[in-house]
Amino acid sequence: ERPRHREMAKNTSMRWRLPLVCLLWEVAMIVLFGVFVRFGAEADAHWEEEKREMNLTSDIENDFYFRYPSFQDVHVMIFVGFGFLMTFLRRYGFGAVGFNFLLAAFGIQWALLMQGWFHSFKDGKIFIGVENLINADFCVGSVCIAFGAILGKTSPIQLLVMTLFQVTLFSVNEYILLNLLHVKDAGGSMTIHTFGAYFGLTVTRILYRPNLEQSKDKQGSMYHSDLFAMIGTLYLWMYWPSFNSAISDHGDAQHRSAINTYCSLAACVLTTMAFSSMLQKKGKLDMVHIQNATLAGGVAVGTSAEMMLTPYGSLIVGSISGIVSTVGYVYFTPFLESRLHIQDTCGIHNLHAMPGLIGGIVGAITAAAATEDVYGKEGFIKAFDFTGVYQTRTPSIQGGFQAAGIVVSLLMAFVGGAIVGGILKLPIWGDAAAENCFEDGVYWEVPEDEESDVYHMHNPDKPASP
Amino acid sequence: ERPRHREMAKNTSMRWRLPLVCLLWEVAMIVLFGVFVRFGAEADAHWEEEKREMNLTSDIENDFYFRYPSFQDVHVMIFVGFGFLMTFLRRYGFGAVGFNFLLAAFGIQWALLMQGWFHSFKDGKIFIGVENLINADFCVGSVCIAFGAILGKTSPIQLLVMTLFQVTLFSVNEYILLNLLHVKDAGGSMTIHTFGAYFGLTVTRILYRPNLEQSKDKQGSMYHSDLFAMIGTLYLWMYWPSFNSAISDHGDAQHRSAINTYCSLAACVLTTMAFSSMLQKKGKLDMVHIQNATLAGGVAVGTSAEMMLTPYGSLIVGSISGIVSTVGYVYFTPFLESRLHIQDTCGIHNLHAMPGLIGGIVGAITAAAATEDVYGKEGFIKAFDFTGVYQTRTPSIQGGFQAAGIVVSLLMAFVGGAIVGGILKLPIWGDAAAENCFEDGVYWEVPEDEESDVYHMHNPDKPASP
Amino acid sequence: ERPRHREMAKNTSMRWRLPLVCLLWEVAMIVLFGVFVRFGAEADAHWEEEKREMNLTSDIENDFYFRYPSFQDVHVMIFVGFGFLMTFLRRYGFGAVGFNFLLAAFGIQWALLMQGWFHSFKDGKIFIGVENLINADFCVGSVCIAFGAILGKTSPIQLLVMTLFQVTLFSVNEYILLNLLHVKDAGGSMTIHTFGAYFGLTVTRILYRPNLEQSKDKQGSMYHSDLFAMIGTLYLWMYWPSFNSAISDHGDAQHRSAINTYCSLAACVLTTMAFSSMLQKKGKLDMVHIQNATLAGGVAVGTSAEMMLTPYGSLIVGSISGIVSTVGYVYFTPFLESRLHIQDTCGIHNLHAMPGLIGGIVGAITAAAATEDVYGKEGFIKAFDFTGVYQTRTPSIQGGFQAAGIVVSLLMAFVGGAIVGGILKLPIWGDAAAENCFEDGVYWEVPEDEESDVYHMHNPDKPASP
């Protein structure tokens with residue numbers, strides 16, 4: 001009888017390190033929130049006066065009612081969507097859901113500050129409302145994506161450290177794109193997916209583990225873990241129209257984003273199923289593809305969903321992204337691992353990186369192709385916010401800036417990922433040895449599953465308890 | 001050591017057939033969307049101008065804000081609700097969730113077109129908005145219901161073929177009911193449940209498999225598959241008030257539909273539990289009943305929920321439907337199988353067919369009993385849309401038309417189901433042999449569940465890997 | 001070969017008792033609803049006239065659109081949140097989800113009546129709308145909490161009896177607090193959590209089972225049951241901002257409640273993780289803490305979330321409650337069991353009782369500290385409803401009344417719990433013997449889990465079927 005983790009050579013004990021990081025950082029959050037964060041006008045008790053000043057006749061004009069339902073859908077995507085999507089591993093369900101919970105809970109606090117300083121800062125204070133909550137969730141979404149690449153191979157402290165840096169870099173990148181380049185990216189093809197995925201891929205490259213095949217037996221799924229993962233997949237898939245429309249302009253833009261995303265995702269499912277079956281010798285469907293590539297359609301319209309992409313345009317983009325993503329799982333992931341030493345646990349290269357690039361490009365093209373005829377005179381200006389100093393921007397120039405946004409996001413991801421990867425490589429964070437990767441027992445109290453013993457007591461060869 | 005599927009005589013390989021169908025049909029969707037589908041006024045970038053023309057003072061008047069939260073709830077019901085409800089089988093979870101995903105993703109595209117041609121067609125184009133998305137989901141709901149009857153016995157291609165035809169027939173039937181008969185059916189007791197269920201039952205009758213008892217061991221549930229199914233049940237149950245109110249008129253009608261459905265469903269749980277316990281020798285509750293019959297209350301107020309059914313009326317309807325449905329599972333399902341050769345995997349006869357008929361009848365009675373006193377003068381006209389050519393309709397005539405709607409739905413279901421069943425019987429679709437029904441391994445890559453091997457390595461009699 | 005439940009000495013058969021209670025009570029509900037319950041003005045077909053009288057220009061002013069999305073989130077918390085949170089036990093998943101479903105479905109009907117008589121009664125009728133549905137769900141939430149203490153140890157009839165009495169007492173207590181003491185408690189720290197938890201703890205004290213260690217082997221979790229429980233945890237966590245804001249005043253109050261709760265919950269996760277790791281010898285995280293203590297932040301701002309608690313105030317409250325709750329699981333729960341004979345299956349003392357008290361106290365302090373400067377003149381009056389006879393109340397007096405609300409809730413819980421516990425102790429309700437506690441097989445048809453037999457047929461020592 002062998003002990004379960006006999007080879008655990010590295011010191012993976014979190015007993016003092018994790019509490020210290022969590023508590024110190026939470027104290028820092030409290031202090032910073034105390035100094036900086038205040039309720040925005042629509043959440044402040046002075047709202048009655050504000051309403052009068054703004055000539056609003058009804059409480060329903062409060063942004064809360066425009067965005068809160070979308071916020072909750074996005075919230076579900078971050079915590080249940082990403083959390084459960086990653087439970088596919090047979091013995092890493094606690095880590096998938098639990099560490100995602102931890103990093104996202106820290107990340108949204110830090111994102112409220114970072115994004116607040118860049119976007120909601122006035123008279124020395126950050127004023128927050130429901131849109132800030134959505135943006136914080138979005139920002140953390142990019143961390144959840146990066147987590148997908150290193151899933152099972154890092155300690156919770158490493159994840160917190162990565163979150164700290166990635167949220168910071170995300171906010172800088174987002175500021176460059178939205179404010180300096182004046183780029184549109186409501187669903188975050190560039191800011192969330194391209195940046196998040198290439199950041200994560202760079203980090204996992206730096207953290208390359210040559211002996212990872214020692215935990216090969218735990219890198220697969222089991223029957224029920226695949227079903228748990230489908231919970232994540234479906235919530236991401238269903239709520240993605242809310243994701244892409246959550247921070248679009250009130251009215252037609254939110255409405256349009258939801259429709260485009262709905263169409264893109266529907267098409268994506270069919271091409272994913274087609275290629276999943278086609279690329280297997282026996283034509284059987286592979287749950288990895290269904291769990292992941294069906295979502296590529298949401299990523300790939302992240303930039304253009306609020307534009308006049310049109311429903312059939314969405315079907316085309318969704319179809320292509322499903323194909324690219326599925327092909328990626330079959331051919332690119334093994335290639336990345338064997339040749340480039342990029343060990344990408346969840347295949348975020350296929351679900352977020354490539355579709356994110358597609359999304360950025362489609363966004364640039366859609367913007368460049370915009371005309372006053374299609375958008376209407378007012379709609380044209382409103383859709384691209386061609387006001388103030390941007391009054392003279394033409395669609396083709398906008399398309400160029402959109403394309404520049406992709407490049408900036410990639411650069412930020414590579415440089416940032418390399419630096420953060422280097423930091424995470426320090427031997428002080430308590431990550432596990434290669435043979436203990438993808439194993440909840442390292443950081444979690446795991447219950448003994450005696451079910452078969454209890455319920456198959458007719459088998460005399462099986463001892464009553466281990 | 002026996003191979004798992006040694007008796008697989010039929011050719012169930014999907015390698016070329018499934019990709020071909022998926023890709024060709026998706027291309028067809030793109031072409032048809034390109035020719036026909038455009039954004040409706042509220043999702044189009046011209047909305048600013050539209051708003052001015054319609055004298056709307058706020059973006060909150062966009063239908064998006066009236067219906068999007070309900071849409072998302074309905075979306076969850078179709079993909080997680082139906083998908084997970086059907087995971088109760090011990091080895092068909094992938095097929096339940098995955099094929100439901102596939103057929104619904106295709107179905108909503110085809111439904112946008114079919115329903116669009118009938119209801120949103122103007123100047124050669126289909127103009128879509130959030131209400132079309134809801135209706136597409138509704139239409140697909142009827143396919144998910146029919147899928148419940150043939151669950152585990154058909155290939156994914158058969159499901160796609162069935163979806164193609166059923167969506168078409170659904171749209172025709174819906175057009176006859178709503179436009180020609182001018183019938184009210186916001187929650188779809190007739191159009192979705194009665195039609196969908198009897199269609200599915202007819203199809204499964206045509207596809208009768210005399211040797212199905214060869215896969216008897218896989219027709220039951222296991223402990224955790226029953227819990228997965230409860231996820232589906234609860235999401236259907238919780239969001240059913242959104243389902244029945246999603247396309248009702250703005251204001252009181254949506255509000256009322258939600259309340260009636262809430263009440264009906266609550267009552268239904270109690271009578272289901274009562275009869276589930278009463279009809280078992282030892283008085284133990286049966287998960288099959290709890291998973292299904294508790295939902296009958298939502299089906300049974302599908303037509304009348306937006307009418308002045310009243311909360312106590314809803315309790316009565318919900319109570320009765322819970323009883324009928326539970327009795328159906330205990331007595332009717334075995335009868336249907338042994339005498340009528342109707343093999344109804346999920347018991348949709350009990351959950352959708354009978355409660356759907358109850359819903360249609362209750363709707364007809366409630367309509368016939370409507371008075372200006374109860375509805376108010378304006379409310380009366382608005383509730384039944386007694387305007388234009390229908391100005392002279394009386395409640396009793398409306399009741400008659402409602403009843404006619406049930407008959408039409410049944411006829412469409414029987415005739416349509418027989419034809420489609422005949423098509424699905426062709427030996428070209430790759431369905432499995434009887435002994436391989438209810439088995440994911442036929443169409444899916446299924447992981448080896450070595451958990452017990454990995455975690456009970458103290459058992460020397462068990463080989464390390466199969 | 002031993003029969004599974006050989007020692008089942010007590011008569012646990014529900015065959016006649018459960019159906020009788022369910023059916024009689026449902027009939028009573030129908031009669032009472034018929035006599036009393038009517039649609040409120042916003043759900044009645046007379047709404048068109050109402051709208052005109054109230055000078056409303058749009059259907060969007062219907063309360064439905066202010067509260068329905070929050071209602072659905074609360075609904076999910078009650079049925080999926082509480083239901084799945086309690087599935088952590090290895091063999092009590094059916095009971096957790098199923099009995100929660102049963103008691104909540106009955107409870108919401110009875111709550112609509114009880115709360116209706118107290119709060120929505122006019123001219124002999126109860127007029128209901130979406131806010132009543134939310135309040136009914138809230139009321140039932142307190143029963144779900146109490147259920148957590150006695151989980152696995154009671155029959156479904158006992159649960160229904162407890163629900164009947166607890167809903168009644170809840171409504172009385174709520175009336176005293178909200179109407180007589182004029183206390184604010186939108187998220188129910190006092191009315192729902194403090195009352196519900198101490199009521200449940202008192203009941204479980206009265207029902208003390210000295211031999212409960214006979215079912216010790218079933219009191220733990222297993223790997224997948226812990227993941228099912230995380231579904232419950234996350235839905236409670238994500239939707240808690242909706243819970244605390246669901247019945248707040250329109251506009252800024254709802255907006256603010258959501259933000260405060262979001263912040264508190266985020267902080268709570270970090271301190272929970274910190275203390276979970278710190279209090280274990282090996283520093284490993286314990287799923288019991290993650291599943292429960294991470295939610296304490298929502299409970300602890302239940303009273304103050306709609307006040308100007310401020311985001312950093314929320315972080316502080318959330319941080320403290322996470323610590324208190326986790327410490328509770330490690331030290332208080334064993335103490336309560338061994339010294340006070342309080343057997344608290346889910347640890348509701350740590351998740352609801354203590355954080356509920358914190359919530360009440362924080363609410364009292366926040367109210368006492370309120371100033372016109374912080375709230376604005378109008379906001380101040382609106383936030384605390386200092387109108388009519390309460391015109392002269394000062395913040396410090398309000399703080400005193402808030403504190404009194406805590407005391408009243410505690411008294412109601414102790415006295416009510418003792419009486420109801422006494423009733424539940426009667427030997428007529430069919431509860432199981434100690435050795436059969438935490439075992440679904442007592443009240444449910446449980447499937448044989450033959451998975452290993454089917455899929456490990458290579459093991460010749462294992463009989464094909466038990």
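In this text the structure is predicted, and so the values were computed from the model without any measurement.
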Check each of C/F64, C/Y65, C/F66 against C/Y68 using the ring pair (Phe, Tyr, Trp, His ring centres under 6.0 Å) test, and report the only one that passes.
-> C/F64
To the nearest 0.5 Å, how far apart are OG in C/S276 and CD1 in C/I323?
-> 13.0 Å
Portion of A/L112 that has a non-hydrogen atom of chain C nearer than 4.5 angstrom = side chain
Scan the side chains in residues 94-106 of chain A for donor-acceptor partners under 3.5 Å anywhere in the protein, sequence neighbours excluded, and list what turns up.
{"unit_1": "A/N100", "atom_1": "ND2", "unit_2": "A/I78", "atom_2": "O", "d": "3.0"}

Any side-chain donor paired with an acceptor under 3.5 Å for A/D440 and C/Y223?
-> yes
Counting only heavy atoms closer than 4.5 Å, note whether A/D137 contacts chain C via side chain, backbone, both or neither.
-> both
Chain C shares the most heavy-atom pairs under 4.5 Å, among A/F228, A/W47, A/Y443, with A/F228
For chain C, which residues from residues 27-36 of chain A lie under 4.5 Å away (heavy-atom distances)?
-> A/M29, A/I30, A/F33, A/G34
Plane angle bin for C/F384 and C/F386 - parallel if under 30°, tilted between 30 and 60°, otherwise perpendicular | parallel
Distance-only, no hydrogens or angles: does the C/Y235 side chain make a donor-acceptor pair with backbone N or O of A/V76 under 3.5 Å?
-> no
Flag the one option from A/R38, A/E26, A/E49 with the top tally of heavy-atom pairs under 4.5 Å to chain C.
-> A/E26
What class does the angle between the rings of A/W110 and A/W117 fall in, given that below 30° is parallel, 30 to 60° is tilted and above 60° is perpendicular?
-> perpendicular
Applying a strict 4.5 Å limit to non-hydrogen atoms, the region of A/W16 in contact with chain C is side chain
Salt bridge or not for C/E42 and C/R67, using N-O below 4.0 Å?
-> no
